[in-house]
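Structure, as structure tokens:
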Amino acid sequence: MNRILATAASEFRIAFRNRWVLIATALMVLFSLVLAAAGAAPTGDVGVDRLSITVASLTSLAVYLVPLLALLMSFDAIAGEVERGTLPLLLTYPVSRLQILLGKLLAHLAILALALVLGAGGAGVMAFVTDPASITALPSLWRLIWTSVLLGAAFLGLGYTLSSLSRRPSGAAGLAMGLWLLFVVLYDLGLLALVVTDSGGALTTHVLPVALLANPADAFRLFNLSAASAVAEAGGIGGAASAIALWKSAASLVLWPVAALLLAWAAFRKVTP
């Protein structure tokens with residue numbers, strides 16, 4: 001455990017020097033506060049508190065921004081070590097490859113968690129100051145934060161996998177952007193096309209729920225919208241969110257980081273200095 005923490009501390013210092021702590025935090029705080037400021041308008045129309053509106057907006061933001069930040073932080077985690085020639089030195093230390101990955105994961109998750117707490121926390125404070133009834137939505141805000149960390153962990157693991165397979169930062173960056181487009185944008189467009197062409201048939205009722213759970217971004221969105229009816233109403237898709245059992249989306253969120261880390265470990269084991 002001490003070796004993992006030492007690796008994590010080293011990675012965190014490197015990320016701090018590379019401005020990743022500042023970049024991730026600034027982006028989350030900026031967008032969260034903008035969404036919180038814009039969230040007051042529809043509260044009277046939908047009959048929910050301001051924080052519920054903000055959490056629904058932050059859920060949509062996190063689906064796009066958290067995977068992007070995770071991939072940007074992780075795409076050169078291994079490929080960068082190879083290109084800089086530091087991997088042979090790193091492997092001479094009494095630290096296993098799994099411990100190296102866990103240390104990097106812990107450091108990058110700490111950065112994401114810091115950014116999420118400051119961003120979502122700032123939005124929560126703003127919503128509560130302007131609408132005291134927002135205190136009832138604090139569980140939804142907390143749920144959003146820890147599930148966002150799980151979502152980030154899944155894409156960090158996928159980023160490490162691409163970094164190990166590519167072994168060059170430029171190639172890993174291209175693969176990371178392609179992965180982000182696939183999971184966050186193109187995947188849902190494909191599912192939408194499936195729903196439209198199937199017209200409520202067997203594919204929509206049986207294949208669509210499984211396909212949604214197979215994508216960590218969709219599982220994250222479904223869990224947060226299913227867990228709180230007020231948030232689902234604020235998001236306008238309460239029916240879609242309640243169609244899948246809450247435990248299924250939660251299980252997908254928990255299993256994805258584990259599976260992604262195992263994939264990264266398997267790929268990293270094949271990397272030679």
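In this chain, numbering begins with 1 at the start of the sequence shown.
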Test your reading of the model: is there a side-chain donor-acceptor pair from Trp180 to the backbone of Tyr64, 3.5 Å cut-off? yes
Beyond-backbone contact of Arg97 with Leu91, side-chain heavy atoms, under 4.5 angstrom: yes
Verify, without hydrogens or angle tests, whether Thr147 (side chain) and Arg143 (backbone) share a donor-acceptor contact under 3.5 angstrom. yes
Evaluate the side-chain proximity of Phe268 to Ile100: yes if any heavy-atom separation is below 4.5 Å, no if none is. yes
Identify the heavy atoms of Leu101 and Ile78 that sit nearest to each other, and give their distance. CD2-CD1, 4.2 Å
Please check this pair: side chain of Tyr187 against backbone of Ala217, looking for a donor-acceptor N/O pair closer than 3.5 Å. no
Would you kindly confirm whether Leu58 and Leu253 end up in one hydrophobic cluster when ILVMFWY residues are joined by side chain heavy atoms under 4.5 Å apart? yes
Heavy-atom side-chain proximity of Leu181 to Val185 below 4.5 angstrom: yes
Quick check: closest heavy atoms across Ala267 and Leu165, and the distance to 0.1 Å? CB-CD2, 4.0 Å
To the nearest 0.5 Å, how far apart are CG in Leu106 and OG1 in Thr7? 9.5 Å
Shortest non-hydrogen pair, Leu102 vs Leu261, comes out as CD2-CD2, 3.5 Å
Counting only heavy atoms not in Leu186, do more than 12 fall under 6.0 Å of its CG? yes
If you look at every heavy atom in Trp256 and Ala154, which pair is closest and at what distance? CB-CB, 3.9 Å
Report yes or no: do Leu255 and Phe220 belong to one cluster of Ile/Leu/Val/Met/Phe/Trp/Tyr joined by side chain heavy-atom distances under 4.5 Å? no
Spatial distance of atom CG (Leu150) from atom CD1 (Ile145) [nearest 0.5 Å]: 12.5 Å
Expected output: side-chain Thr130 to main-chain Ala127 donor-acceptor under 3.5 Å: yes
Atom pair OG/CG of Ser148 and Leu69 - distance to nearest 0.5 Å: 11.0 Å
Return yes if some donor-acceptor pair links the side-chain N/O of Ser10 with the main-chain N/O of Ala6 below 3.5 Å, else return no. no
Heavy-atom distance under 4.5 Å between the side chains of Met126 and Leu33, does that happen here? yes
Do Val66 and Leu116 have side chains that get closer than 4.5 Å, going by heavy atoms? yes
Hey, which of Glu81, Arg84, Glu83 is the one that makes side chain to side chain contact (heavy atoms under 4.5 Å, CB included) with Pro169? Glu83
Less than 4.5 Å apart, side chain to side chain, heavy atoms only: is that true for Asp218 and Leu191? yes
Rounded to the nearest 0.5 Å, what's the gap from OG on Ser96 to CD1 on Ile4? Could you check? 7.0 Å
Indicate if Phe12 and Met28 have the same hydrophobic cluster label, given that clusters are the connected sets of ILVMFWY residues with side-chain heavy-atom separations under 4.5 angstrom. yes
Quick one: CG on Leu156 to CG on Leu72, what's the gap to the nearest 0.5 Å? 10.5 Å
Is the backbone N or O of Val29 less than 3.5 Å from a side-chain atom of Ser32, with the two atoms forming a donor-acceptor pair by type? no
Report yes if some heavy atom in the side chain of Leu68 is under 4.5 Å from a heavy atom in the side chain of Met177; otherwise report no. yes
Taking all heavy atoms of Ala250 and all of Phe223, pick out the closest pair and write down the distance. CB-CE1, 3.5 Å
Under 3.5 Å, side chain of Ser74 to main-chain N/O of Ala77, donor-acceptor pair present? no
Any idea which heavy atoms bring Leu112 and Gly152 closest together, and the distance? CD1-CA, 3.8 Å
Measuring from atom CG of Leu222 to atom OG1 of Thr59, what distance do you get when rounded to the nearest 0.5 angstrom? 11.0 Å
Is there a donor-acceptor contact under 3.5 Å from the side chain of Ser252 to the main chain of Leu213? yes
Thr25 side-chain N/O to Leu22 backbone N/O, donor-acceptor pair under 3.5 Å: no
Evaluation steps, side chain to side chain contact (heavy atoms under 4.5 Å, CB included), between Phe128 and Ile135: CA-CA 7 Å; Phe128 178 75; Ile135 195 171; 3.9 Å; yes
Applying a strict under-4.5 Å side-chain criterion to I, L, V, M, F, W and Y, I'd like to know whether Val184 and Leu144 cluster together. yes
Donor-acceptor check, side chain of Tyr160 to backbone of Leu105, threshold 3.5 angstrom: yes or no? yes
Please determine whether residues Trp142 and Leu246 belong to a single hydrophobic cluster, defined as Ile, Leu, Val, Met, Phe, Trp and Tyr linked transitively by side-chain heavy-atom distances below 4.5 Å. yes
